[in-house]
Every structure is written in C-alpha cells, then in structure tokens.
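Note that the structure is a prediction, hence the values are computed from the model and not measured. Each chain gets a letter, A, B and so on, in the order its sequence line appears, and its residues count up from 1.
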There are 2 protein chains.
Amino acid sequence: MNNHTESEENYIKALYHLGGDDVVASGALANRVGAKGPSATQAVRRLASKGLVEVIPYKGVKLTLDGLTLAKHILRKHRLWETFLVEKLGFGWEEVHPLAEQLEHIQSHELVEKLAEYLDSPVHDPHGDPIPQADGKIPPAIGKPLQQFSEGSTLKVVRVEDAGTDFFTQLDHLEISLGKEYTLISISSFDSSIQLNTESGESFWLSHSMSSNIYAIAL
Amino acid sequence: MNNHTESEENYIKALYHLGGDDVVASGALANRVGAKGPSATQAVRRLASKGLVEVIPYKGVKLTLDGLTLAKHILRKHRLWETFLVEKLGFGWEEVHPLAEQLEHIQSHELVEKLAEYLDSPVHDPHGDPIPQADGKIPPAIGKPLQQFSEGSTLKVVRVEDAGTDFFTQLDHLEISLGKEYTLISISSFDSSIQLNTESGESFWLSHSMSSNIYAIAL
DNA sequence: AAATAAATTTAGGCAAAGCTAAACCTTTGT
DNA sequence: ACAAAGGTTTAGCTTTGCCTAAATTTATTT
C-alpha cells in the first residue's frame, strides 16, 4: 500500500495543488494533469481503491488524510530537489521545475532525508516556496501578492509561485528575481495590472496573472 | 527517437551487461531483467523497431551502435549518481545500487553533465568501476580478479563488480572494502575458492563466485 | 539419424493509462 | 419548471508490458 506509480503521484499532486484537501472537479483535475476527462475519472477510481481519495460521483474528488500526507511528501521531494539543483549544481531557478518533476518520483525516504540534511534542512526552495517538513508541517509562506500593497509602497520580492516555464521566461525577461526591490507606482482599477519602478528608476507594467503569482514583503 | 521508457532502458542495460555488443540469448536477457521469456522477446522487438538492437530469431539479440551508446550513457548516469550518493550524501557503497537504478532513468543531459562537474568529473565510482565519459569512452578498468594472482602475493582490493545487494552484504560481513590489503594464501584447485589473510593475520575463504567479482592490484 | 530435451517464439490474457464518442447527471437560463 | 448547455461518467478501443500455456525450433543424446 506504499508504492505508487508516477501517474498516480501526478494526480495526487494535482489534487493537492488545486484544492488542498477540498473537493476538486474531475474536469479541473484532468486539465491539470494534461489528460482528458475519462482518464481522470478512471485514475481517481484507482486512487480511491488505494484509499488516497474520496469520490463523490458527479461532484468531485477529495484527498483523504493518507492522500494529503502523500501529496505533501511529494511536494517536499520536489522542492528539496529544486533546492539541490539550484544551490549545488548551479541551475537557474527557472530551469529546475521540469527536472524536479522527474526527481520527485524517486522512491526512498532515506534519500530524501539525507538530501535535506545535505542542504541544511531548508525551509524554503529557490522560488521562496515553503518546503513541507518531514513531519508533514508546512512552514509559513512568506510575502503577500503584489496586489495587496498600496500605491507608493516599497517592497522586496521574496517568492514566486512555482509555475510553468513561460512564467519564468517572462520573469527573466523583466529581470525580476528573488530579493530585488521595487516601488509600486500604481494599480490599474481597470484590469488590476500593476506598475512597478526598479531601483534604477525604470518603470514597467505587470499583468494581473503575472503579479498575482509574485509575492513580496514591505520594506 | 530519443525518448525511451524505463523498461526499455532496463533491457538495454541488461544487454550491455551480459554481452557488451555481442549476441545475448533471450533467455539470459529475460533472466537478468527479472522477466519471463516471452516478455523479453516482445521487448526486444520494440527495441529493434527503434533501432537499438538487432535480432537473430532463435539465436539472440545484439546491441546496435545506437543501443551501445545508450547503454553507456545509462551506465554513466548510474555510476555518477552512485558517486554522488556516497561522496555527498554519505550513503554506504552497498546501499546505493538500488537508488542509482532509479536515478539513472532521469532524463536530462544537462543534469548529468552538471552532476559530473559537481563531482569533479570522476573516472571511477565508489566501487572502483569505471564511469563512461560524456564522449562514450570508458576509462581503463583497474585491477585483476583475485584468481589471477599467484599464491603468496600481497594485494590491495581496488574494485568490486557492482552486483546485487546480497553480494555487498557478504562483503560487509567479511569486512572487505576498497583499499584493504590481503595476502593470498591459496587457491583451491578443486573449486577455485580462495584463501586470504588480512593484515591482522586472520584468514578466511572466498567462494569462486565471490572472488571473481573482486579486483585487486599487486603490492 | 532419430528421439528427446531445452530454449525460443507464438497465441491469448490481464492491468495500467490513455483516447473518442455516446450516454448521463447537474446546472442554468428563461 | 423545463429545456438547453455543460460537465461527468460509461462504453469500447489502443498501446505498453507482463504473464501462462502451447507450438516451434535448435541442441543434445543415444
């Protein structure tokens, strides 16, 4: 009961990401894992038979406690590997997600814990996202989305949501990275896009979908 | 044409291990990957359709040049990961094989080369086995099997064949490890088993199957 | 050289995972 | 309240990869 396929783990991950331990619609799930509806229905059934999810037909799916534990454990592995790739192997933070997606499926508790130790038991990954700990606890997430700052405030970017590659390409293009400081000039009341000033005085706009994945603290 | 399943890679690995680029019987192959005859036949057919092997029906299978290249690349990954696990994470040399067997399937040239660099481009893994290089060249294997030493010679263990866990359990039990020195007392003309003396004077016997996987240099 | 033994391949099944098309619930709009 | 729209599940098909049993080919033995 402790050995899962890669596909199963991907569904579990998706469920966690989409809803934590809340109910998720099978369509949304299928979408997230890049499959079609029926595949998700079927997959979810397999997961249910392993006690990892609860299904309410025509309503949605929900992680059980076991499923939740597994999800957090996979996320722990993912973020530890990302940390390793960036800090030890010198990868850029924008390249590591797809690699970690492979590495997170490696099966060995001992390996995970030795890796954590080797990295000095990190609490945040290279994107600033919290790394679930061995006991299942999740460190507090740092920063607030840019929208929640008032115009004129000075802020420091401390975290970005570990999303797709195109998101990072955009970030790189705008030369946004962790630790950088900006002044928030204005928030469009029309489409919620945000205007930032860099330290060197240049100004640029961020779409809502961009800025809502960028987290900062006030200075 | 560059993307292989884990199962396929396991068959390629097995072929390389069993025969290098010589013909291997399908039964032996099945045996090595822990499958039954028909599964191997089928697998081999898939590999042939990808140009990785050549099949001579009822005779055997043989790696093509592409297959050989792939095999060496997988072995490179395997041994680099083993090196990482032992040198960086502090695993014992006897524990790393099954982990490396998972890690070797991670798909990323960049990762492999960054890992190699991080480990200072090692030429031998923790068992003393040569690590195929990025260009496909294989560093010279060091040492000779214990059988090839004459009685009375003093020798140093420099390499063991990276085999199953039980082999390492045995080695550990006998407290044999890389770098240790012994005197070869005698070779049984009956069953080729070997009698060794440790530096501290204790004496013990090694079966042929054990000693033929242990390599040493003369002192 | 024929018969038997051993190895290999074919035939036919099964489970995981995916797909499309069709059927079936739920929700929503009027 | 009911019909259309939208989302979900069922049905049925495909591929990978493994299995057992049966047929076939190769090797061995007398």
>> Rounding to an integer number of Å, can you tell me how far A:Asn31 CG sits from D:dG6 P?
In response: 16 Å
>> Taking salt bridge (Lys or Arg N to Asp or Glu O under 4.0 Å) as the cut-off, I'd like each qualifying pair that reaches into residues 59-71 of chain B, sequence neighbours left out, listed once.
In response: none
>> My understanding is that only residues two or more places apart in sequence, or in another chain, count here; which of them pass side-chain hydrogen bond (donor to acceptor under 3.5 Å, both in side chains) with A:Gln147?
In response: A:His208, A:Ser211
>> Just to verify, what does A:Thr69 make a side-chain hydrogen bond (donor to acceptor under 3.5 Å, both in side chains) with, not counting sequence neighbours?
In response: none
List, with names and distances, any nitrogen or oxygen atoms from the protein found under 3.5 Å away from nitrogen or oxygen atoms belonging to nucleotides 25-28 of chain C.
{"unit_1": "C:dT27", "atom_1": "OP1", "unit_2": "A:Lys59", "atom_2": "NZ", "d": "2.8"}

>> Short of 4.0 Å, heavy atom to strand atom, which residues of residues 21-29 of chain B count as contacting DNA chain C?
In response: B:Ala25, B:Ser26, B:Gly27
>> For A:His73, give me all partners under side-chain hydrogen bond (donor to acceptor under 3.5 Å, both in side chains), at least two apart in sequence or on another chain.
In response: none
>> According to salt bridge (Lys or Arg N to Asp or Glu O under 4.0 Å), does anything in residues 89-108 of chain A pair up with another residue at least two apart or in another chain? List the pairs.
In response: A:Lys13-A:Glu101, A:Lys13-A:Glu104
> Can you list every salt bridge (Lys or Arg N to Asp or Glu O under 4.0 Å) pair that touches residues 22-47 of chain A, not counting sequence neighbours?
Replying inline: none
> With sequence neighbours left out, which residue pairs that include part of residues 7-66 of chain B fulfil the ring-ring contact (aromatic ring centres under 6.0 Å, His included) condition?
Replying inline: none
Using a cut-off of under 3.5 Å, enumerate the N/O to N/O pairs linking the protein to nucleotides 17-22 of chain C.
{"unit_1": "C:dA17", "atom_1": "OP1", "unit_2": "A:Thr5", "atom_2": "OG1", "d": "2.6"}
{"unit_1": "C:dA17", "atom_1": "OP2", "unit_2": "A:Arg46", "atom_2": "NE", "d": "2.8"}
{"unit_1": "C:dG18", "atom_1": "OP2", "unit_2": "A:Tyr11", "atom_2": "OH", "d": "3.2"}
{"unit_1": "C:dG18", "atom_1": "N7", "unit_2": "A:Gln42", "atom_2": "NE2", "d": "3.3"}
{"unit_1": "C:dC19", "atom_1": "OP2", "unit_2": "A:Lys36", "atom_2": "N", "d": "2.9"}
{"unit_1": "C:dC19", "atom_1": "OP2", "unit_2": "A:Ser39", "atom_2": "OG", "d": "2.5"}
{"unit_1": "C:dT20", "atom_1": "OP2", "unit_2": "A:Lys36", "atom_2": "NZ", "d": "3.3"}

>> Nearest 0.5 angstrom please: A:Leu184 CG to A:Ser150 OG, how far?
In response: 7.5 Å
> Within less than 4.0 Å of OP1 or OP2 of C:dT10, is there a side-chain N or O belonging to B:Arg45?
Replying inline: yes
Show every donor-acceptor pair shorter than 3.5 Å between a side-chain atom in residues 113-128 of chain B and any protein atom, with sequence neighbours excluded, or say none if there are none.
{"unit_1": "B:Glu113", "atom_1": "OE1", "unit_2": "B:Arg76", "atom_2": "NH2", "d": "2.7"}
{"unit_1": "B:Glu113", "atom_1": "OE2", "unit_2": "B:Arg76", "atom_2": "NE", "d": "3.4"}
{"unit_1": "B:Glu113", "atom_1": "OE2", "unit_2": "B:Arg76", "atom_2": "NH2", "d": "3.4"}
{"unit_1": "B:Lys114", "atom_1": "NZ", "unit_2": "B:Glu110", "atom_2": "OE2", "d": "3.4"}
{"unit_1": "B:Tyr118", "atom_1": "OH", "unit_2": "A:Tyr118", "atom_2": "OH", "d": "2.2"}
{"unit_1": "B:His124", "atom_1": "NE2", "unit_2": "B:Pro140", "atom_2": "O", "d": "3.4"}
{"unit_1": "B:Asp125", "atom_1": "OD1", "unit_2": "B:His127", "atom_2": "N", "d": "2.7"}
{"unit_1": "B:Asp125", "atom_1": "OD1", "unit_2": "B:Gly128", "atom_2": "N", "d": "3.1"}
{"unit_1": "B:Asp125", "atom_1": "OD1", "unit_2": "B:Asp129", "atom_2": "N", "d": "3.0"}
{"unit_1": "B:His127", "atom_1": "ND1", "unit_2": "B:Glu82", "atom_2": "OE1", "d": "3.2"}
{"unit_1": "B:His127", "atom_1": "NE2", "unit_2": "B:Trp93", "atom_2": "O", "d": "2.9"}

> What's the CG-P distance between B:Leu47 and D:dT16, to the nearest Å?
Replying inline: 12 Å
> By ring pair (Phe, Tyr, Trp, His ring centres under 6.0 Å), which residues pair with B:Phe84, not counting sequence neighbours?
Replying inline: A:Phe84, B:Trp81
> How many Å lie between CG on A:Asn10 and C1' on C:dA16, as a whole number?
Replying inline: 14 Å
